[in-house]
Amino acid sequence: MPHGNLQTLSAFLSKPPKQTTVLPVPELPEVEVLVRHLRPWLKNKTIGDVSVYRARVLSPTTVRTFKKKLRGASFRGVSRRGKYLLFEIRCLGERRTQVLLGHLGMTGRMYLLPANHPLPKHAAVVMNLGRNKFVFEDTRYFGRLTFDLRPIRRLGAEPFDEEFTPEKFLEVLKHSRQPIKVRLLAQSIVAGLGNIYASEALFHAKLSPRIPARRLTAAQATGLWHAIRQVLSEAIQRGITIPLDYAGLGSKDGLFYFGREPGVIGSYEERLCVYARAGQPCVNCHTAIKRLIQVGRSTFYCPSCQRGNRGKKQFDAV
DNA sequence: CACCATGTTCCTTG
DNA sequence: CCAAGGAACATGGT
């Protein structure tokens with residue numbers, strides 16, 4: 001494909017791509033893997049003292065209510081909805097369980113530490129579980145740990161839900177003229193895609209991120225539906241094969257930290273086809289990957305592989 | 001020092 | 001009323 005190579009070459013000559021490090025911002029797969037790790041560790045554990053270092057992450061729940069509900073409570077289960085973690089809690093002296101909602105924001109981490117281990121700089125909430133403590137750390141404090149469940153009511157379909165069919169997907173896409181990438185990020189059609197997997201899914205579906213959602217054909221919607229599930233399930237599959245590791249200790253003594261991979265296997269960046277690859281050759285056609293800004297967010301795509309509707313307007317004329 | 005990145009909510013504008 | 005766009009949030013990296 002000489003045409004593609006020429007483009008790649010000129011792209012490199014005009015502006016060498018600056019390599020941005022991909023931060024492990026948690027999206028659905030990362031949350032899913034975290035939930036699977038946490039579940040056995042938290043199950044049936046009883047909470048002792050609770051420390052809140054950053055009240056903002058509980059909002060609108062107050063520190064007072066938060067502590068009152070959690071002290072003496074026990075974990076019954078952990079699950080996920082979109083990028084949210086759902087901790088099923090049984091409060092002291094109560095028969096019914098309650099849901100504590102967690103969200104990692106962009107920099108949130110949840111893990112266990114030995115009771116006497118020093119806390120990280122940005123520990124937001126810590127629950128004492130006896131010999132261990134459950135830590136919610138969040139550098140930017142955009143995350144949440146709250147009893148306010150309203151956010152999950154606004155979420156769109158769960159990508160692996162049986163109810164989420166290509167037909168349903170097409171139907172909801174019809175309601176918007178916003179670019180498809182923007183709709184995927186909004187969580188209201190499909191829950192769990194973030195900036196990375198939204199770009200990746202569109203690449204695998206060979207769709208321009210700029211196509212208005214309602215202009216996707218049934219075939220295109222079905223292709224995207226498959227791509228979304230494929231991209232997410234591959235990431236989950238990969239995540240669960242990574243051994244637990246606590247950053248800084250590198251041991252597997254029951255502590256863990258998710259988001260960092262041991263160097264042995266291909267890195268986080270290496271498995272992504274377009275995300276943060278502006279200027280690099282497309283894995284299919286070797287055309288330089290482009291970056292565009294949509295609603296203030298970066299979108300990465302191959303201008304050659306990812307086009308608009310055939311016979312209609314080209315959204316990415318080369 | 002100024003600016004960028006990120007996910008979500010809130011506010012404004014059309 | 002809704003759709004769409006932009007600011008705000010907090011911090012660290014360039």
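Chain letters run A, B, ... following the sequence lines, proteins first, then strands; residues in each count from 1. Nothing here was measured: the structure is a model prediction, and the numbers come from that model. All heavy atoms count here, side chains included; hydrogens, waters and symmetry mates do not.
Between the CG atom of L58(A) and the P atom of dC9(C) there is a distance of 19 Å, given to the nearest Å. As a whole-Å value, the separation of F142(A) CZ from dA7(C) P is 15 Å. In this structure, L185(A) places its CG atom 15 Å from P of dG6(C), rounding to the nearest Å. Per the geometry, CD1 belonging to I293(A) stands 5 Å off P belonging to dA5(B), to the nearest Å. When the P atom of dA10(C) is taken as reference, atom CG of L104(A) falls 18 Å away, rounded to whole Å. Between N195(A) atom CG and dC4(B) atom P the separation is 16 Å, expressed in whole Å. In this structure, the CZ atom of R183(A) is 10 Å from the C1' atom of dA4(C), given to the nearest Å. Following rounding to the nearest Å, R81(A) (CZ) and dT8(B) (P) show an atom-to-atom distance of 12 Å.
The shortest side-chain heavy-atom distance between I236(A) and L28(A) falls under the 4.5 Å cut-off.
Other residues sharing a hydrophobic cluster with V295(A) under the 4.5 Å side-chain heavy-atom criterion for ILVMFWY residues are V182(A).
Below 30°, between 30° and 60°, or above 60°: for F164(A) and W225(A) the angle between ring planes is between 30° and 60°, a tilted geometry.
Checking the phosphate oxygens (OP1, OP2) of dA5(B), a side-chain nitrogen or oxygen of R291(A) falls inside 4.0 Å. Here H122(A) reaches the OP1 or OP2 of dG12(C): one of its side-chain N or O atoms lies under 4.0 Å away. When the side-chain nitrogen and oxygen atoms of K83(A) are compared with OP1 and OP2 of dT8(B), one or more of them lie within a distance under 4.0 Å.
The side-chain hydrogen bond (donor to acceptor under 3.5 Å, both in side chains) with Y301(A) is formed by just one residue from the set K206(A), R277(A), R210(A), K181(A); it is R210(A).
Relative to the side chain of T139(A), the nucleotides dC9(C), dT8(B), dT11(C) differ in distance, and dT11(C) lies closest. Of the listed nucleotides (dG5(C), dC9(C), dT9(B)), dC9(C) has the atom at the smallest distance from the side chain of R56(A).
Shown for residues 172-179 of chain A: residues whose heavy atoms fall under 4.0 angstrom of DNA chain C, namely S176(A), R177(A), Q178(A).
Among the atoms of the strands shown, only primed sugar atoms or phosphate atoms (P, OP1, OP2) are found under 4.0 Å from some heavy atom of R154(A). Residue contacts shown for R144(A) are absent, as no nucleic acid heavy atom lies under 4.0 Å away. Residue R54(A) is classed as a sugar-phosphate contact, given heavy-atom separations below 4.0 Å to backbone atoms only. Note on Y141(A): only backbone sugar-phosphate atoms sit closer than 4.0 angstrom, heavy atoms only; bases stay farther off.
Between the R307(A) side chain and the P303(A) main chain, a donor and an acceptor come within less than 3.5 Å of each other. Judged by distance alone, with hydrogens and angles left aside, the side-chain atoms of E137(A) form no donor-acceptor pair with the main-chain N or O of P120(A) at under 3.5 Å. Judged by distance alone, the side chain of T146(A) and the main-chain N or O of L58(A) form a donor-acceptor pair under 3.5 Å.
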